[in-house]
Amino acid sequence: MNNNLSAAAAAQKRFKKTGFLHHRTFLQEMVRRWPFYLMILPGMLYIVIFNYLPMFGAVIAFKDYNPVKGIWGSKWIGFKNFEFFFKSDAAWRVTFNTIFYNLLIIVLVTVISVLFAILLQETGSRMRTAVYKSVMLMPFFLSWIVGEYIVYALLNTDQGLVNGIRKSLGLEAIDWYSDAIYWRFIMPLAYLLKQVGYTSVIYVAAVTGISSDYYEAAEIDGASKWQKARFITIPLLMPVVIILMLLWLGKIFNGGLGDWGAFYNLPRESGILFSSTDVIDTYVFRSLRTVNDIGMSSAVGLYQAVVGLVLVLISNYLVKKYDSDSSLF
Amino acid sequence: MLHRSKYIPSVIAYILILALTLVGCGTSSDSGNTPSTSENQNQTKTTQETAKPNDPPVELTFYIANAPVKDMDRIMDAANKIIKEKINATLKLVVTDWSAYPQKMNLMISSGEPFDLAFTGSWGELNYFQNASKGAYLDITDLLDKYAPVTKSRVPESIWQGVKVNGKIYGSINYQVWGMAGAKGVQLRKDFADKYNFDWKSIKNWNDLTPFLDAVKKGEPGIIPWEYSNQADNFADMPLIYGMDSVGDNKIPGWIRINDKDVKVFNQYETEEYKDYLKTFRNWYVNGYIKKDAATMKDYLPDRKAKRIAALYANPYPDLVDMPELGVQSFMSQAPPEDKVYSYSKRFTEPFIPANSPSTAIVAVGANSKHPEKAVQLIELLNTDDSLFHLLAFGEEGKDYKKISDKQIEMIKDMYNFNWSEWEIGQSYGRMLWDQNANVELSEKMLSMIYEADKTAAVSPVMGFVFNSEPVKTQIANVDATLKEYLYTLDSGSVDPDKYYTEFLNKLKKAGADDIIAEKQKQIDEWKKANGK
Amino acid sequence: MGQLKMKREGLFSKLAINLMFIVYCAMCLIPVLLVLSISLTNEKSLLTDGYHLIPKEFSLIGYQYVFSGTTSILNAYKITMIVTAVGSFLHLLVTSLMSYAISRNEVRYRNQVSFLVFFTILFNGGLAPYYILITKYLHLKDTLLVLIIVLLVSPVHVLIMRNFFKALPDSIIESARIDGSGEFNTFFRIVLPLSTPVLATIGLFISIAYWNDWFTSALFIENNKLYTLQYLLQALMSNIQYLLSNEQASRAIEKSIGMLPGESARMAACVLSIGPIILMYPVLQRYFVKGLTLGAVKA
């Protein structure tokens, strides 16, 4: 086994300068590890057909897209489609909001979910754990459109439940929909409530996947619950935490791991709130309402993807330096 | 041996998945799974062989927006008997949910997928004009004259101008039951107007309403004096009230005055009319005539249904001055009928045909249609064959609806129901079937008045002009984003115009409003020259 | 003494933990209860009294409307269940095979493959080329298969699952190999049974995704016998909106069934669509436990 590997490595070294070596070792690798590559094949085939083939459509970003002429028949126009976004004075504001909310939500969701995943093991009853987990997951099933109704039911000025409570306590009703500052808190809160259940479920799976041997050994050594969490659970959860954060980072400019539906629906498109609720996707959606131009929307999509890619490549490089096992690739 | 047999289940499982991931590619060569292509081949053949009487009928696809309809198959079978007999074709009506329809049609056009007929229009994302000028629809100017002469002749020539692109017609107008000519005005609750002795007959503009709203505010707790809704903005969505008409999209800067012979384009947000409007509405808001969260009201229905509204914007033509007998059936919009909340309606303007109203509902023939002649024949049939139209609109008599008088029907619960979407496919002129709530005599009198107005009403000076937004789409995108941010809060009176109006105008200018206006002017001048105006 | 103190501390922290979860769960339940309550409230009461956590005037009309208003909802349930079951199974199979292979260190191109997978999360060609691929080249329009195939592989799931496989002790796989077990055999007989927690989790997510997918139906399905539940409910909701704004339509409906249930029917549709999947969750939960015990026995 080991012999084989070192032989291959030696061969690689020897032929490093010859051009056709790469091809040969590729074939060798395929032959030697054929069962693994066979396992990859169906998924890879799917990704090539359904993800990579349509990707050529991204050239629309550089074209004056005419649906009748098709993607290839349309005229090339360079970077003209990018202009509307970068020339607008809102570009900075929405970029800031996008980063602000993403970072805030990434950190909060991760910390709370990991905490919940660990504490869910400590409720003292498997039954209770199961109930909590199911209930926590429930908001995840509600779409943001339904969410809009719920938030409106809670916050509308005249008949909202929150203002009802405030009135019964002798406090003045608050006009939630016309003061942007509240939404700096409402948006992350709504997002958390929907997302934490889902992310916790992933971490719970990771925690239950940890072999009980570790804990037994620690118990023999007299480790406390806190110590077990600190020295066993959290380190073993780290790879999953890192992978989820990397994935999220990649989409930071493009909806995050969740979706921007919240930012579109919950504030009910109230113009007064835009200073704190407008993110790149909602801004683009709004600007293209009448123009309805595929070229311009894919230009912004492409920009978001490129920034995401750069972010991930940098962070992946850093992760790899410290813990190569946890890196994305 | 033993060792090898362990492999078998996993190998089988593997082959299974591989097969399944590949099925997609496999079907491309298997024509059995692709009825559309094989049928299209059949169809091409039949047209080439010049229709013999016993030719197999061609299938025409017709895409419309509608929710899935119960018992659709039964009604389509019955409808196809008629269609087959009349024009030797069958209709395949494809319904797609409203929330996905525009996107689906745009994708079908992008991919060059053939369709024979499709509902379209110039609002929302339906993009009739853009698609027509890019060649997604067939030019049916001549086909209409040849195969749909009745449909063509029923719509006044001036209104056909409104769907032309470069002088060619790309869709048949569904000349609506409600007509094209409209007037803008208001609807008030009768009980309040009577109680406070309000002289509703003489109101001509927003300011005339103020005493009424004030009386309601003071005397009727729990009632909202004026409904402001961003679904129909009281300035940006109703240029007619200010004697103007829009060029292209309502809200984008660049309107014209309807009595301006020179057709000069200007920024409507810079006019004196707009400044006056802002003053009035800010005053209304501060005095509590408008709901506190009016700017974000997406859904006005709950308030209307709860009878909380005292006055609102309406399209009353004819109004209660034109036709006082309408009073017996004039209820407040959306108020529960059993409560009988009577209303007065009064128009501020003369009937007028704006440039974008003819293109409200259009049936277009696909550019890739294999049977354009048959498709246009079907348009004619849907607009002239009343039994066919009624069948699609209401179902079968006795099964889906009961006739309660000569021209009136009652729908039977839980049976076929086209969701009142028949206006997407055409119109029956001869014996319109009214539902049980309508007063047939009054409704028909009202309709004849509207049809009369369609021939005599003033027509927008830019009727027939189509604005090509391509050269300034960057500016439009940025202006659009700015509009959404400021317009509703300003127009509902929620913010002080002294503070925000200048900021709004500056942002519009920065976003490129002037470029858009200049481009509109340029294109209109060219159009005027080309058409000898 | 020390023993007792520790026990009391344990009891106290347990109490605190449970209390925290109860508070959080209550926060999660409010929106769900609100939806349920609105769906069970008389429409008129919603208009005059606003929304409440307990219906002021109980009514089932929202549900009645959903069941009577559209084409066969039962057939749609059937289609959705077939698509969800077959789709989730295949998704798990393809995903786990692929992610297992790229989790193994002896596979040299694992990082390149991972990158290719990851890249598709960031970049896509948009809807138009995808639509063209499905309809023009693969001819999948109006087939049951298209409903399954659109979600067959999710790059995010591949990468998450890969990390779980990475955490498996290498020794188990090595020793299986020494025993002469082939790679596929090892995967199906040893790795998968050890991975039930992650399979159940990903299985849950993908079945939710299949269950909730209405857009595929809207774009590619024209045959009314292939409509999925979510598409019908979505169509029903936008139809209510359309009918409500059409004065003539809503009057005619009011004459026959009373006030058109707008909010309540919308929320009833929401309850009907998420109800089954919430009920399904405990079943998957049982897999968790089963996987746990199985894992314990093996380990």
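So you know, we letter chains A, B, ... as the sequences are listed, proteins then strands, and number each from 1.
The aromatic rings of A/W72 and A/F56 are tilted relative to each other, their planes meeting at an angle between 30° and 60°. Ring planes of C/Y100 and C/F165: perpendicular class, angle over 60° (limits at 30 and 60°). Aromatic ring pairs are classed by plane angle as parallel below 30°, tilted from 30° to 60° and perpendicular above 60°; the pair C/F123 and C/F119 is parallel. Taking the six-membered ring where tryptophan is involved, the planes of C/F205 and A/Y198 are essentially parallel, since the angle between them stays under 30° and well short of 60°.
Proximity to chain A (any heavy atom under 4.5 Å) is shown, for C/N18, by both the backbone and the side chain. Only the side chain of C/I17 comes within contact range of chain A, with at least one heavy atom under 4.5 Å from a heavy atom of that chain. Heavy atoms of C/C25 lying under 4.5 Å from chain A belong to its backbone as well as its side chain. Using a 4.5 Å cut-off between heavy atoms, C/F118 touches chain A through its side chain atoms alone. For chain A, no part of C/M237 is nearby; none of its heavy atoms comes within less than 4.5 Å. Neither the backbone nor the side chain of C/A167 comes within less than 4.5 Å of any heavy atom of chain A. Looking at C/Y130, the atoms closer than 4.5 Å to chain A (heavy atoms on both sides) sit in the backbone and in the side chain alike. Contact annotation for A/F140: only side-chain heavy atoms (C-beta onward) come within less than 4.5 Å of a heavy atom of chain C. Heavy-atom distances place both the backbone and the side chain of C/V107 under 4.5 Å from chain A. Only the side chain of C/V35 comes within less than 4.5 Å of a heavy atom in chain A; its backbone stays farther off. For C/I134, the part sitting under 4.5 Å from any heavy atom of chain A is the side chain, from C-beta outward, and nothing else.
With respect to chain C, the highest number of heavy-atom pairs below 4.5 Å among A/G124, A/G197, A/G147 belongs to A/G124. Ranking A/L193, A/I294, A/L302 against chain C, the residue ahead of the rest is A/L193, based on heavy-atom pairs under 4.5 Å. Chain C forms the most heavy-atom pairs under 4.5 Å with one residue out of A/L120, A/V146, A/L53, and that residue is A/L120.
Using modelled atom types, one finds a donor on one side chain and an acceptor on the other under 3.5 Å when comparing A/T129 with A/T123. With hydrogens and angles left out, the side-chain atoms of C/S114 and C/R162 include a donor and acceptor closer than 3.5 Å. C/T186 and C/S181 are linked by a side-chain donor-acceptor pair at a separation below 3.5 angstrom, with hydrogens and angles left out of the test.
For C/Q112, there are no side-chain hydrogen bond (donor to acceptor under 3.5 Å, both in side chains) partners at least two apart in sequence or on another chain. Listed by chain and residue number, B/S110 satisfy the side-chain hydrogen bond (donor to acceptor under 3.5 Å, both in side chains) test with A/Y65 (two or more places apart in sequence, or in another chain). Judged as a ring-ring contact (aromatic ring centres under 6.0 Å, His included), and not counting sequence neighbours, C/F164 has no contacts.
Scanning residues 149-156 of chain A against chain C with a 4.5 Å non-hydrogen threshold yields A/Y149, A/I150, A/A153, sorted by number.
The two residues A/E29 and C/R108 come nearest to each other via the heavy atoms OE2-N, 2.8 Å.
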Check the pair C/K56 / C/L46 against side-chain contact (heavy atoms from CB on, under 4.5 Å), numbers first and verdict last.
CA-CA 8 Å; C/K56 283 221 161 160; C/L46 284 178; over 6 Å; no
